[in-house]
Amino acid sequence: MPTASTSMAAAASCRSPLVWFFSLAAALFFASWYLLLDSAAAPTALDARRQGLRPASPGRKCDPDKALLRVYMYDLPLEFHFGMLDWEPGSGGGGLWPDVRHGVPEYPGGLNLQHSIEYWLTLDLLASEQGAPTPCNAVRVRDPARADVVFVPFFASLSFNRHSKVVPPARTSEDRALQRRLIEFLAARPEWRRSGGRDHVVLAHHPNGMLDARYKLWPCVFVLCDFGRYPHRVANIDKDVIAPYRHVVDNFFNDSTGYHDRPTLLYFQGAIYRKDGGFIRQELYYLLKDEKDVHFSFGSVAGNGIEESTRGMRASKFCLNIAGDTPSSNRLFDSIVSHCVPVIISDEIELPFEDILDYSKFCIIVRGADAVKKGFLINLIKGISPEEWTSMWNKLREVEGHFEYQYPSQPDDAVQMIWKTIARKVPSIRLKVNRLQRFSRSEANKTNDSPARSSWLENQAR
């Protein structure tokens with residue numbers, strides 16, 4: 001007859017599989033929830049972790065005294081920035097700006113993303129002040145006297161994409177109306193009057209962004225994709241900053257493809273017949289369309305166009321980046337993140353961060369006049385050895401992070417590279433502002449005439 005102790009031991013042995021089962025089930029449950037929450041994180045942050053990047057510790061506000069660039073940002077009304085994303089103060093931090101420590105307003109996808117520069121820079125400034133993760137190269141300060149530059153947070157590219165059409169009964173578009181109200185806002189600001197706008201940073205990355213205001217804000221530092229639609233007196237490389245497009249194809253993580261793993265020699269898919277300087281595309285089309293191992297065809301983002309481009313670039317050794325309606329396009333940056341060696345044919349192109357990066361190490365750059373000579377381009381590409389191509393492929397993987405827009409921003413990504421480029425402009429900006437201030441005291445003592453630098457923009461806004 002079993003004793004009490006043996007009965008308890010038997011019961012425990014019967015229960016132990018059940019305990020083990022429920023413990024395992026609970027562990028799997030919590031693990032699945034962790035993975036689910038982790039996968040719901042912002043894609044840019046996920047991409048950063050895949051690349052081995054570590055954001056700054058949350059909860060630490062940036063120290064302006066240690067920053068590379070101190071930035072005074074205007075508190076523009078919502079209609080100029082996050083209001084375009086249907087964000088309302090009640091749904092975020094409770095003030096004019098979202099609390100970026102707990103999530104950020106979503107930016108529209110598709111081709112909108114390629115000119116989303118103002119969104120990423122504004123988020124980074126907010127992060128610097130609120131204690132969200134950021135490398136702290138640029139820090140928002142509340143005292144304009146402490147600032148190196150003044151940041152104008154107008155989402156000009158999104159304004160053009162969403163509000164450039166005239167909606168009856170209005171006689172002008174909302175985009176133009178916003179530009180006019182921006183001019184009026186700046187004309188009333190003492191920061192503008194002090195510098196004449198020379199220390200103001202204005203983002204107009206879309207080629208048609210700020211189409212009216214650009215001619216009135218020309219003293220500012222513009223952040224642009226190129227100078228294709230700007231007169232030299234309005235925008236030029238001496239005072240302005242060229243920023244990369246945000247790529248629209250996915251990053252090529254864990255790319256192990258070698259020269260012989262990419263069957264297509266040369267790849268282009270996009271609009272072939274373009275205006276302005278884009279005539280060269282159709283000339284190249286007729287020269288290359290029948291060449292062996294060359295893919296040169298019409299394509300667009302409609303349907304599964306982005307997916308097709310992603311597959312095509314990843315299967316190609318070289319990718320053509322040809323001038324179109326403007327000297328630049330996001331195709332260059334799609335090529336870079338696909339590790340497809342770019343072949344740039346655009347005589348008027350300006351390349352981002354070229355004072356730091358040597359593009360000849362990872363791109364082939366060809367003059368337009370040479371590219372349209374029969375046999376020139378294809379012979380040039382075929383003459384590049386697998387070893388040379390592999391060297392450029394490795395360099396692409398090394399530099400691609402410099403062209404990445406993400407939140408939270410990471411060291412030396414596109415956001416931080418832009419801040420650093422602006423910081424290198426600061427001595428020149430200070431020289432211009434100081435020269436402007438030479439006669440400020442004598443001008444202020446004049447009773448009949450107001451200083452020209454104070455009244456000029458005000459007159460433009462009327």
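Bear in mind that the values here come from a model prediction, so they are computed numbers and not experimental data. We count residues from 1, following the sequence as given.
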Student: Rounded to the nearest 0.5 Å, how far apart are CZ of F82 and CZ of F80?
Tutor: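 If I round to the nearest 0.5 Å, the distance is 15.0 Å.
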
Student: Are the side chains of C340 and R262 in contact, using a 4.5 Å heavy-atom criterion?
Tutor: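 With C-beta onward as the side chain, the pair touches.
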
Student: Only one of K61, R140, R70 forms a salt bridge (charged side-chain N to carboxylate O under 4.0 Å, His left out) with E129, so which one is it?
Tutor: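 Exactly one candidate clears the test, R140.
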
Student: Considering non-hydrogen atoms only, spot the tightest contact between A243 and V223 and give its length.
Tutor: CB-CG1, 3.7 Å

Student: Given F151, which partner from the list L76, T122, L69 fulfils the side chain to side chain contact (heavy atoms under 4.5 Å, CB included) test?
Tutor: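 Testing each of L76, T122, L69 against F151, the sole residue satisfying side chain to side chain contact (heavy atoms under 4.5 Å, CB included) is T122.
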
Student: Among side-chain atoms of N208 and R229, is any donor-acceptor pair under 3.5 angstrom?
Tutor: yes

Student: Which residues pass the disulfide bond (SG atoms under 2.5 Å apart) test with C225, not counting sequence neighbours?
Tutor: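 With neighbours one apart ignored, the set is empty.
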
Student: Checking side-chain polar atoms at under 3.5 Å, does E118 have a donor or acceptor matched by the opposite partner on H81?
Tutor: no

Student: Looking only at side chains, do H115 and H205 share a donor and an acceptor under 3.5 Å apart?
Tutor: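 Yes - a donor-acceptor pair under 3.5 Å links their side chains.
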
Student: Taking disulfide bond (SG atoms under 2.5 Å apart) as the test, write out the residues that go with C363, two or more places apart.
Tutor: none

Student: Could you tell me if R314 sits above the aromatic ring of F252, with its cationic atom closer than 6.0 Å to the ring centre and no more than 45 degrees from the axis?
Tutor: yes

Student: Above 12 or not: heavy atoms from other molecules or residues under 6.0 Å from CZ of R214?
Tutor: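 Atom CZ in R214 is packed in, count exceeds 12.
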
Student: Tell me, yes or no, whether the heavy-atom count around E348 atom CD, taken from other residues, nucleotides or ligands under 6.0 Å, exceeds 12.
Tutor: no

Student: With ring centroids as reference points, do H200 and F222 lie under 6.0 angstrom apart?
Tutor: no

Student: For the side chain to side chain contact (heavy atoms under 4.5 Å, CB included) test, which of L224, L217, L178, L203 pairs with M210?
Tutor: L217

Student: Would you name the heavy atoms of A371 and L284 that are closest together and state the gap between them?
Tutor: O-CD2, 3.4 Å

Student: So that I can tick it off, tell me whether R181 and E174 are bridged by a salt bridge, with the cut-off set at under 4.0 angstrom between side-chain N and carboxylate O.
Tutor: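 So E174 pairs with R181 through a salt bridge.
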
Student: Hey, does D148 have a side-chain heavy atom less than 4.5 Å from the side chain of R430?
Tutor: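 R430 vs D148: side chains touch.
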
Student: What heavy-atom pair brings V150 and E191 nearest, and what distance separates the two atoms?
Tutor: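 Closest pair (atom of V150, atom of E191, distance): CG2-CB, 4.5 Å.
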
Student: Pairing donors with acceptors under 3.5 angstrom, does anything connect the side chains of Q410 and Q416?
Tutor: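 There is no such pair between these side chains.
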
Student: Might you work through the side-chain hydrogen bond (donor to acceptor under 3.5 Å, both in side chains) test for H247 and E404, ending with a clear yes or no?
Tutor: CA-CA 8 Å; H247 59 85; E404 196 71 42; 3.0 Å; yes

Student: Please set out all donor-acceptor pairs under 3.5 angstrom arising from side-chain atoms of residues 421-428, sequence neighbours excluded.
Tutor:
unit_1 : atom_1 : unit_2 : atom_2 : d
T421   : OG1    : M417   : O      : 2.8
T421   : OG1    : R424   : NH2    : 3.3
R424   : NE     : D355   : OD2    : 2.8
R424   : NH2    : D355   : OD1    : 3.3
R424   : NH2    : D355   : OD2    : 3.1
K425   : NZ     : I237   : O      : 2.8
K425   : NZ     : D238   : O      : 3.2
K425   : NZ     : D240   : O      : 3.1

Student: If we count only N and O atoms by modelled type, under 3.5 Å, do the side chains of D175 and S159 hold a donor and an acceptor together?
Tutor: yes

Student: Verify whether one side chain among Y245 and S328 offers a donor that lies under 3.5 Å from an acceptor in the other.
Tutor: yes

Student: Under a 4.5 Å cut-off applied to non-hydrogen side-chain atoms, are I344 and I364 in contact?
Tutor: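 No, their side chains stay 4.5 Å or more apart.
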
Student: Assess whether a salt bridge exists between D334 and R331, defined as any Lys/Arg side-chain N lying under 4.0 Å from an Asp/Glu carboxylate O.
Tutor: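 Answer for the salt bridge query: no.
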
Student: Within this structure, what is the CZ-NZ distance for the pair F160 and K165, rounded to the nearest 0.5 Å?
Tutor: 10.0 Å

Student: With V221, which of D199, I429, V149 fulfils side chain to side chain contact (heavy atoms under 4.5 Å, CB included)?
Tutor: I429

